[in-house]
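Worksheet for the structure shown next.
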Amino acid sequence: MTEKKGDGTVSETHTHFIKHIVSKDMEEGAYDEIVTRFPPEPNGYLHIGHAKSIVLNFELADEFGGRTSLRFDDTNPLKEDVEYVKAIKEDIDWLGYEPEEVRFASDYFEEMYKQAVHLIKQGLAYVEDLSQDEIRNMRGTLTEPGKESPSRSRSVEENLELFEKMRAGEFADGEKVLRAKIDMSSPNINLRDPVIYRISHTTHHNTGDAWCIYPMYSFAHPLEDAIEGVTHSICTLEFEDQRPLYDWVIANADMTAEPKQIEFARLNLTNTVMSKRKLKQLVDENIVDGWDDPRMPTISGLRRRGFTPESIKQFCREIGVSKADNLVDVRMLEHFLREDLKLKAPRTMAVLDPIKVVITNYPEGQVEWLPADINPENEEMGMREIPFSREIYIEREDFMEDPPKKYFRLYPGNEVRIKHAYFIKCEDVIKDENGRITELHCTYDPETKSGSGFNARKVKGTLHYVEATRAVPAEFRLYEPLIDDEAGGDFMDHVNEDSVQVHHGFVEPNMANVTGNDKFQFFRHGYFNVDPKKSSEDRLVFNRIVSLKSSFKLNG
RNA sequence: AGGGCUAUAGCCAAGCGGUAAGGCAUCGGAUUUUGAUUCCGUGAUUCGCAGGUUCGAAUCCUGCUAGCCCUGCCA
């Protein structure tokens, strides 16, 4: 369990193939220092899959005493926006990582242009006259080689001139394109003279109208890495086929650095969609309440739901890094949230679906303030006092008129403990004209007061409660997975129509002033977060982050 | 099918020629003023399959099977 950081010591846990590669490189002295980067395109919000990559990149470099930068891969102005730049920075910061530097691919447009010219001069790139359709048709198929374009044999001088005109805005979008001259018959389609620059008369969020030609990812990315001195360029599996092109660019550009691309498997979670396209669709079609809806697997959604940075990071560490396609059970994420909050969150009581209990033998008008530990597993959190009186609320589901076997909550004639207070026994059930239970009449035994040491008899059940006259109204939002079933077909057919359950109940009086993102464990319910958007001073709204585990089953 | 990659328990995953770590989930049992926590216990004679090399193979070799990715002027 040596998990040292920042001193170059390799941890013995969480070992994986990328760490092996880096270890070996460092032992062989291949690099002075390891440099990684997290390179999001600012075209959407970050999700937990990105968190896996963020944790990997930052902690890997940190472990070897290296550095990590944040670099926005903004080479396609059609899809990118500053809104996303801002959100991405915020999410990384919230997770607790500080990039060595923040850069943009667009910072290097001039340098990339020069490198393209360098390729042209070597006869390794040419300006293409063919249309997009013609290029596609001549590319061949998976099993047949492509055909060489007539433009391929253009002279260096003419290519230089045309490329300059492309930059100068003398052509319309799609009229010309710059292609790398590699191999039209390569079995790897990425090497069949890939397009490396296209014309797009579009305002860029960063460079404005300075450019009307933009480099393609496959050309830009290796250059960005080389410029920044990145040693290990970590990306996901679908870029594996691009690695030969990545290496080709590095080999033929006028660059001394030799970054190495390493691919790992992206994260998939049960009951979750994990692509920006799909998440954007959920937002655009108003299936959810924005990118930060508490049901979204986005970092901002998880944050609003109440997940902590530490729980997300620990999850990312524990799932490991490999090249095998995977589908991780969301319950694993939930586990790390519970583990993180177990000792940190105050434990208080909330009644989500109240039913009133009148304790008929308790003096009218009397109130007792009972001592209660804030977290029995963490005494440093101290004590609080909670009121108890003749009328309290308990959970409607904690009473059954006709209970099955092994039900040890309240039922007629049964005695249970009220947490931190007394034993009560159900004497009478009051119903309205529709037969709905409106009130329970109980008696209490003064001798059974909590902390009194009473042990003449035992009860099987302990119920939480909120004192009725001082109860603070609150809204509770419970969540189910947004996606019913991750398998097959259009994911929109699997959207759970009933993924939010709203309850109106009460919390303890001492919770009247909680504010955005405060987290609590509500006894027997789970961990809750004060919704930073919906909650206000006069309307408390709690999101259930995760429930407590439970082995209780009715009828079983 | 041309190329690239992957395959270890229900899920994730270590392992790197010396006899299958760990986590999640599940199911038992003990403790419990949360049906929680905690604690103990629970599963691979076998690593996709078939051959081969070796004293010895999840690890090396050969063949096969299955799954994922690649024919954007997206990243």
Side-chain angles (χ1 to χ4, degrees), chain A residues 13-17 20 39-41 43 73-76 78-80 128 131-132 135-137 139-146 173-179 185-192 194-200 213-214 216-218 220-221 235-244 263 265 267 270 276-277 315 317-336 338-339 342-343 347 349 372 376-377 406-409 416-421 423 448 450-451 458-464 521-526 547-553:
Chain A
T13 55
H14 307 131
T15 172
H16 52 73
F17 78 101
H20 288 312
E41 182 186 15
N43 68 342
D73 221 341
D74 56 349
T75 57
N76 184 359
L78 248 22
K79 294 187 174 180
E80 295 147 9
E128 177 62 271
S131 71
Q132 188 165 349
I135 291 174
R136 187 184 319 115
N137 293 335
R139 185 149 36 215
T141 67
L142 294 178
T143 51
E144 304 160 47
D173 290 6
E175 204 178 329
K176 304 281 184 207
V177 97
L178 186 71
R179 288 231 255 175
S185 60
S186 171
N188 182 343
I189 291 175
N190 294 298
L191 262 23
R192 317 239 264 231
V195 171
I196 57 175
Y197 259 97
R198 78 285 218 183
I199 299 170
S200 180
I213 57 172
Y214 293 94
M216 299 286 289
Y217 166 88
S218 51
H221 206 89
C235 63
T236 43
L237 248 30
E238 67 271 25
F239 292 101
E240 228 161 2
D241 292 332
Q242 302 244 19
R243 191 169 59 225
E263 312 85 12
L267 168 67
T270 55
K276 284 194 218 170
R277 198 208 100 225
F315 168 77
R317 294 176 191 120
E318 294 292 342
I319 54 174
V321 178
S322 75
K323 297 189 72 162
D325 290 330
N326 59 80
L327 180 60
V328 178
D329 198 326
V330 265
R331 287 180 298 183
M332 196 158 160
L333 210 211
E334 298 178 348
H335 163 79
F336 289 108
R338 291 191 192 101
E339 187 167 279
K342 186 170 60 192
L343 301 181
R347 300 184 187 181
M349 297 193 284
E377 293 186 74
K406 286 195 180 172
Y407 182 83
F408 42 83
R409 276 114 94 144
V416 297
R417 175 186 297 283
I418 295 300
K419 177 78 179 170
H420 295 128
F423 286 8
T448 60
S450 282
K458 302 248 180 199
V459 289
K460 292 284 281 182
T462 299
L463 309 186
H464 60 277
Q521 184 198 106
F522 290 149
F523 249 79
R524 304 206 295 139
H525 281 300
S547 65
L548 255 25
K549 289 212 289 182
S550 172
S551 56
F552 173 63
K553 313 172 199 69

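Chain letters run A, B, ... following the sequence lines, proteins first, then strands; residues in each count from 1. These figures come from a predicted structure and were not determined experimentally.
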Expressed as a whole number of angstroms, how long is the span from [X]:[atom1] to [N]:[atom2]?
X: A/R192; N: B/C73; atom1: CZ; atom2: P; result: 13 Å
X: A/F315; N: B/A25; atom1: CZ; atom2: P; result: 12 Å
X: A/F239; N: B/C5; atom1: CZ; atom2: P; result: 17 Å
X: A/R331; N: B/G23; atom1: CZ; atom2: P; result: 17 Å
X: A/L237; N: B/U6; atom1: CG; atom2: C1'; result: 8 Å
X: A/K323; N: B/A13; atom1: NZ; atom2: C1'; result: 17 Å
X: A/D329; N: B/C12; atom1: CG; atom2: P; result: 10 Å
X: A/K553; N: B/G35; atom1: NZ; atom2: C1'; result: 10 Å

Query raised in the report: Within 45° of the axis and under 6.0 Å from the centre of the six-membered ring of A/F552, does NZ or CZ of A/R524 qualify?
Result: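 Checked: cation-pi criterion not met.
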
At under 4.0 Å between heavy atoms, what does [X] touch on the DNA or RNA strands: base, sugar-phosphate, or nothing?
X: A/F408; result: base
X: A/E334; result: nothing
X: A/V321; result: sugar-phosphate
X: A/E240; result: sugar-phosphate
X: A/R139; result: sugar-phosphate
X: A/K406; result: base

Query - Base B/G35 paired with A/R409 side chain (donor-acceptor, <3.5 Å) - result: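 Indeed there is one.
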
Report task. Could you tell me whether the side chain of A/N188 has a donor or acceptor atom within less than 3.5 Å of a complementary atom in the base of B/G4? Result ->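 No pair found.
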
Requested in this report: Give the C-alpha distance, both sets of side-chain angles, the deciding distance and a yes or no for side chain to side chain contact (heavy atoms under 4.5 Å, CB included) between A/Q242 and A/H221.
Outcome: CA-CA 11 Å; A/Q242 302 244 19; A/H221 206 89; over 6 Å; no

**Report entry** Toward the 5' end of RNA chain B, by each residue's nearest nucleotide, A/G320 or A/K458
**Finding:**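 Its nucleotide being nearer the 5' end, the pick is A/G320.
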
Query raised in the report: Start at the 5' end of RNA chain B and walk down; is the nucleotide closest to A/M332 or to A/Y197 reached first?
Result: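 Nearer the 5' end of the strand: A/M332.
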
Query - Heavy-atom donor-acceptor pair, A/R192 side chain to A/S186 backbone, under 3.5 Å - result: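 Yes, A/R192 side chain to A/S186 backbone: donor-acceptor pair under 3.5 Å.
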
Query raised in the report: Between the main-chain N or O of A/V330 and the side-chain N or O of A/T270, is there a donor-acceptor pair closer than 3.5 Å?
Result: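 Such a contact is found between A/T270 side chain and A/V330 backbone.
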
Could you identify the nucleotide paired to [N], looking across every strand shown and requiring Watson-Crick or G-U wobble geometry with both distances under 3.5 Å?
N: B/G2; value: B/C70
N: B/G63; value: B/C49
N: B/G41; value: B/C27

Query raised in the report: Looking at the side chain of A/H20, which of B/U71, B/G35, B/G15 is the nearest nucleotide?
Result: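 Nearest nucleotide to the side chain: B/G15.
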
Query raised in the report: Between A/E263 and A/R243, is the closest basic N to carboxylate O distance under 4.0 Å?
Result: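 Looking at A/E263 together with A/R243, the answer is yes, because their closest N to O distance falls below 4.0 Å.
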
Query raised in the report: Looking at A/K323 and A/E240, does any basic side-chain N land under 4.0 Å from a carboxylate oxygen?
Result: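 Here A/K323 pairs with A/E240 in a salt bridge, since their nearest N and O are under 4.0 Å apart.
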
Between [X] and [N], is there a contact of a side-chain N or O with OP1 or OP2 at under 4.0 Å?
X: A/S322; N: B/C12; result: no
X: A/T75; N: B/A75; result: yes
X: A/K549; N: B/U37; result: yes
X: A/H335; N: B/C24; result: yes

Query raised in the report: Parallel, tilted or perpendicular: which describes the rings of A/H464 and A/H525, with under 30° parallel and over 60° perpendicular?
Result: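 Rings of A/H464 and A/H525: perpendicular, over 60°.
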
In whole Å, what separates the [atom1] atom of [N] from that of [M]?
N: B/A66; M: B/A50; atom1: P; answer: 16 Å
N: B/C27; M: B/U42; atom1: C1'; answer: 7 Å
N: B/G56; M: B/G52; atom1: P; answer: 12 Å
N: B/U46; M: B/A57; atom1: P; answer: 14 Å
N: B/U54; M: B/G2; atom1: P; answer: 34 Å
N: B/A20; M: B/C64; atom1: C1'; answer: 25 Å
N: B/A58; M: B/C49; atom1: P; answer: 11 Å
N: B/U37; M: B/A25; atom1: P; answer: 9 Å

Query raised in the report: Which label fits B/G72, syn or anti, where anti is any glycosidic angle not within 90° of 0?
Result: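 Classified syn.
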
